[in-house]
A.B. asks: 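Please find one structure pasted underneath; my questions will follow.
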Amino acid sequence: QVQLVESGGGSVQSGGSLKLSCVASTYARRPGCMGWFRQAPGKEREKVAIIDSEGTTTYADSVKGRFTISQDNAKNTLYLQMNSLKPEDTAMYYCAAMSDFSGRPGSVDYWGKGTLVTISS
């Protein structure tokens, strides 16, 4: 069992920045991949960014060049630096642990409870 706790959400104006953090409880076997997903009201949950154990990353096209995923393995912490935020980035952001790099919500083994990000124009 892996517990994921997100923090860092909030309300900022368009063009601003936020940094999300996700602390993972200790685990016997490190998940293959960690990532961030988001879900806006009335929309399906979607991949934002994924990182594997070696640091290889993948991003949704909508956030490339603006968001950066990173991890501190010593602290069991995952980060998402979000810059140049847009109103369409408004969503609940979820930390996730999964065994593959696909980014499919169905491949996620563990979810955090989410942290809300609201961007005003």
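Model, not experiment: these values are computed from the prediction.
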A.B. asks: Do side-chain atoms of Thr118 reach the backbone of Ser11 as a donor and acceptor pair under 3.5 angstrom?
C.D. replies: no
A.B. asks: Is a side-chain donor or acceptor of Arg104 paired with a backbone partner of Asp100 at a separation under 3.5 angstrom?
C.D. replies: no
A.B. asks: When you look at Leu18 and Leu85, which way does the side-chain contact (heavy atoms from CB on, under 4.5 Å) test go after all the steps?
C.D. replies: CA-CA 8 Å; Leu18 283 172; Leu85 285 160; 4.2 Å; yes
A.B. asks: Run the salt bridge (Lys or Arg N to Asp or Glu O under 4.0 Å) test against Arg45 and tell me which residues pass, sequence neighbours left out.
C.D. replies: none
A.B. asks: To the nearest 0.5 Å, what is the distance between CG on Asp52 and CD on Gln71?
C.D. replies: 7.5 Å
A.B. asks: Can you name the side chain to side chain donor-acceptor pair (under 3.5 Å) partners of Lys64, sequence neighbours left out?
C.D. replies: Asp61
A.B. asks: What is the distance from atom CE of Met82 to atom OG of Ser17, rounded to the nearest 0.5 Å?
C.D. replies: 8.5 Å
A.B. asks: Can you pull out every ring pair (Phe, Tyr, Trp, His ring centres under 6.0 Å) where at least one residue sits in residues 39-90? Sequence neighbours excluded, please.
C.D. replies: none
A.B. asks: Tell me if a side-chain donor or acceptor on Ser99 pairs with a main-chain N or O of Gly32 at a distance below 3.5 Å.
C.D. replies: no
A.B. asks: Okay, side chain of Glu6, backbone of Lys113: is any donor-acceptor separation there less than 3.5 Å?
C.D. replies: yes
A.B. asks: Quick one: does Thr77's side chain have a donor or acceptor within less than 3.5 Å of a partner on Lys75's backbone?
C.D. replies: yes
A.B. asks: What is the distance from atom OG of Ser70 to atom CD1 of Ile51, rounded to the nearest 0.5 Å?
C.D. replies: 6.5 Å
A.B. asks: Thr56 and Phe101: side-chain contact (heavy atoms from CB on, under 4.5 Å), yes or no, with the steps?
C.D. replies: CA-CA 9 Å; Thr56 302; Phe101 206 58; 4.0 Å; yes
